[in-house]
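Throughout, a chain's letter reflects where its sequence line sits, starting with A, and its residues are numbered from 1.
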Number of protein chains: 2
Amino acid sequence: MKRTRLEGTPCPVARALDAVGDGWSLLIVRDAFDGLRRFGEFQKSLGLAKNILAARLRLLVAEGVLELAPASDGSAYQEYVLTPKGRGLFHVVVGLRQWGEDHCFAPGEERSVLVDLSAERPVRRLQLPAQDGRLLGPDDAVVKKAPVRKARAKR
Amino acid sequence: MKRTRLEGTPCPVARALDAVGDGWSLLIVRDAFDGLRRFGEFQKSLGLAKNILAARLRLLVAEGVLELAPASDGSAYQEYVLTPKGRGLFHVVVGLRQWGEDHCFAPGEERSVLVDLSAERPVRRLQLPAQDGRLLGPDDAVVKKAPVRKARAKR
DNA sequence: TCATGTGGTTTCGTTTTGAAACCAGCTCAG
DNA sequence: CTGAGCTGGTTTCAAAACGAAACCACATGA
């Protein structure tokens with residue numbers, strides 16, 4: 001059977017994972033944040049088979065996460081660049097990074113680090129503020145089911 | 001061939017995705033945040049085949065994201081509960097949720113929403129602060145390679 | 001005690017992944 | 001302008017993962 005798709009779900013998490021939840025996609029996006037743009041750059045960085053990379057890039061373009069642009073170096077080739085939708089994944093990638101730092105390294109093991117470009121110092125932790133500014137953790141928030149919205153009750 | 005594993009990489013994002021990047025895992029974690037604990041609850045919520053669910057749960061337990069606990073209702077069954085490592089995925093799940101809200105719904109389409117439990121109001125956006133408190137976006141931060149560690153700096 | 005619910009495992013067909021070979025269009029040295 | 005090598009793929013084929021359904025053991029509860 002085909003890979004299960006969760007198109008109808010009202011859960012934004014499921015929809016997000018449906019779009020970019022296949023493991024390679026977010027790594028491609030991570031590399032795109034790091035400035036990679038060309039097919040060959042992604043392939044070298046990720047070390048995955050070219051057919052898979054081609055399929056993933058096609059998918060990400062179809063999703064609107066990446067878009068094809070003429071090469072910036074004047075050659076006749078093309079580049080894959082993040083769209084605004086793709087750049088929106090920034091916090092997701094950072095979240096994965098911070099979790100990986102916390103839980104996936106042996107003590108003392110070397111790792112790359114995310115630094116604030118203008119100050120050259122590491123960034124702080126992601127924060128989830130409530131309306132009043134308090135920072136929320138896993139036990140402070142719950143998902144509320146989608147309100148069964150009648151026609152145009154927005155606002 | 002085997003599914004490619006990125007064990008040696010110094011990139012925390014890759015390690016994180018290696019652990020929970022298979023699509024179902026983060027949905028299971030999402031459901032665990034929502035209070036689901038039993039095999040049958042996950043299966044009903046996600047609608048995936050039982051063999052797949054069993055394999056994923058085994059994996060997540062092996063990774064230390066979930067752990068088995070005796071059922072809280074006194075029966076002889078067991079429950080899957082988030083470990084601290086698993087709860088650490090909170091910001092990742094929230095990040096996916098907010099991205100999904102922003103980019104994966106048609107305007108006006110109903111969606112579930114994450115609310116601050118104590119105030120019953122929706123949470124704000126995730127934020128990534130720099131050391132000085134400024135909030136950083138995709139263009140304000142850059143990954144710095146792991147420091148090349150000399151010979152026996154391994155402690 | 002026997003029917004049912006829970007939490008799986010097994011089996012088997014389909015889909016996806018991955019490696020390698022292949023190939024077409026571009027680029028560049030000569 | 002020409003041929004060698006690069007870039008960015010596609011094709012082919014085997015191995016692995018996924019998914020549905022059947023099966024099964026133990027717990028529960030009427």
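Picking from dC26(C), dT9(C), dC18(D) the nucleotide with the shortest atom distance to the side chain of Ala76(A) gives dC26(C). Distances from the side chain of Ser75(B) to the nucleotides dA21(C), dT27(C), dT28(D) place dT28(D) closest. For Ile52(B), counting side-chain heavy atoms from C-beta on, the closest listed nucleotide (dA21(C), dG19(D), dA19(C)) is dG19(D). You'll find that the side chain of Phe39(B) is closest to dG7(C), out of dG19(D), dG7(C), dG9(D). Here the side chain of Ala54(A) is nearest to one of dG18(C), dT10(D), dT6(C), namely dT10(D).
Across the protein-nucleic acid pair, Leu48(B) atom CG and dA20(D) atom P stand 9 Å apart, rounded to whole Å. Protein atom NZ of Lys50(A) is 14 Å distant from nucleotide atom P of dA24(C), rounded to whole Å. Atom CG in Leu27(A) sits about 14 Å away from atom P in dT17(C), given to the nearest Å. Between the C1' atom of dG18(C) and the CG atom of Asp22(A) lies a distance of 14 Å, rounded to the nearest Å. For the pair Leu53(A) CG and dT16(C) C1', the computed distance is 16 Å after rounding to whole Å. One atom, CZ of Arg37(A), and another, P of dT7(D), lie 17 Å apart when rounded to the nearest Å. Rounded to whole Å, atom C1' of dT27(C) lies 11 Å from atom CG of Asp73(A). Rounded to whole Å, atom P of dG5(C) lies 14 Å from atom CD of Gln43(B).
Looking at Tyr77(A), its side chain comes within 3.5 Å of the base of dG25(C) through a donor and an acceptor atom.
Mapping Ala49(A) and Gly74(A) onto DNA chain C by nearest heavy atom places Ala49(A) closer to the 5' end of the strand. Each of Gln78(A) and Asn51(A) has a nearest nucleotide on DNA chain D; the 5'-most of these lies closest to Gln78(A).
Using a 4.5 Å heavy-atom threshold, the side chains of Arg30(A) and Leu17(B) count as separate. No side-chain heavy atom of Leu89(A) sits under 4.5 Å from any side-chain heavy atom of His103(B).
One finds a salt bridge joining Asp116(B) and Arg134(A) here, because a Lys/Arg side-chain nitrogen approaches an Asp/Glu carboxylate oxygen to under 4.0 Å.
Distances shown here put every side-chain N or O of Arg38(B) at or beyond 4.0 Å from the OP1 or OP2 atom of dT6(C). Distances shorter than 4.0 Å separate some side-chain N or O of Arg58(B) from OP1 or OP2 on dT9(C). An OP1 or OP2 oxygen of dC18(D) is reached within less than 4.0 angstrom by a side-chain nitrogen or oxygen of Arg56(B). Here Tyr80(B) does not reach the OP1 or OP2 of dT6(C): none of its side-chain N or O atoms lies under 4.0 Å away. Within the 4.0 Å cut-off from OP1 or OP2 of dG18(C), at least one side-chain nitrogen or oxygen of Trp24(A) is found.
Looking at Thr83(A), its side chain does come within 3.5 Å of a backbone N or O of Gly64(A) through a donor-acceptor pair. With hydrogens and angles disregarded, a donor-acceptor distance shorter than 3.5 Å links the side chain of Arg124(A) to the backbone of Gln131(B). Without hydrogens or angle criteria, Gln43(A) side chain to Leu53(A) main chain gives no donor-acceptor distance under 3.5 Å.
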